[in-house]
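As a basis for the values below, the full set of heavy atoms in this structure was taken, side chains included, without hydrogen atoms, waters or symmetry mates.
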Amino acid sequence: MRHFGTWVRAGITLILLVVAGLWLLAVYGELGSPVTKQTDGTTLDEFQRAKDILLVVLPLLTSSLGYWFGSAGRQQAENKAEQATGVADKAQRKLAGVLDSATEPGLLDKAKAKDPEAFRPDTTTRS
């Protein structure tokens with residue numbers, strides 16, 4: 001499911017890039033065109049119209065790119081958090097195995113006395 005979302009974001013970003021590029025070409029093509037006056041007295045400025053549309057498309061493009069790069073960073077952070085959780089769980093299992101296999105009585109109490117911070121209840125929640 002994660003990969004599907006990535007492909008959808010990539011597709012939308014690509015479409016917006018193509019649309020913005022085409023509009024940039026359209027605006028560039030209208031740079032030298034003069035303002036024309038129509039028969040009903042209104043003026044027609046193709047450059048102004050193309051520029052106005054570009055002003056709508058460009059913010060969409062930048063928002064899409066910002067979301068795209070932001071989600072990539074979030075994905076990396078989630079992967080690192082998942083790895084760290086796995087390492088912590090493995091260390092906890094090892095500690096439990098060592099403590100369970102120890103023959104010395106009161107070993108857990110000695111460990112608690114030596115490092116009370118390590119035996120505090122976990123207040124963080126995992127999702």
Inset, instruction - With sequence neighbours left out, write down each residue that passes side-chain contact (heavy atoms from CB on, under 4.5 Å) with Val8, or none if nothing qualifies. - result: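 Val8 satisfies side-chain contact (heavy atoms from CB on, under 4.5 Å) with Phe4, Ile12 once adjacent residues are dropped.
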
Inset, instruction - For Leu17, enumerate each residue passing the side-chain contact (heavy atoms from CB on, under 4.5 Å) test, keeping only those at least two apart in sequence or located in another chain. - result: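 Partners of Leu17 under the side-chain contact (heavy atoms from CB on, under 4.5 Å) test: Thr13, Leu61.
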
Legend entry - Residues forming a salt bridge (Lys or Arg N to Asp or Glu O under 4.0 Å) with Lys90, sequence neighbours excluded: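 Counting only residues at least two positions away or on another chain, Lys90 forms no salt bridge (Lys or Arg N to Asp or Glu O under 4.0 Å).
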
Can you name the side-chain hydrogen bond (donor to acceptor under 3.5 Å, both in side chains) partners of [X], sequence neighbours left out?
X: Asp115; answer: none
X: Lys110; answer: Glu104
X: Glu117; answer: Arg120

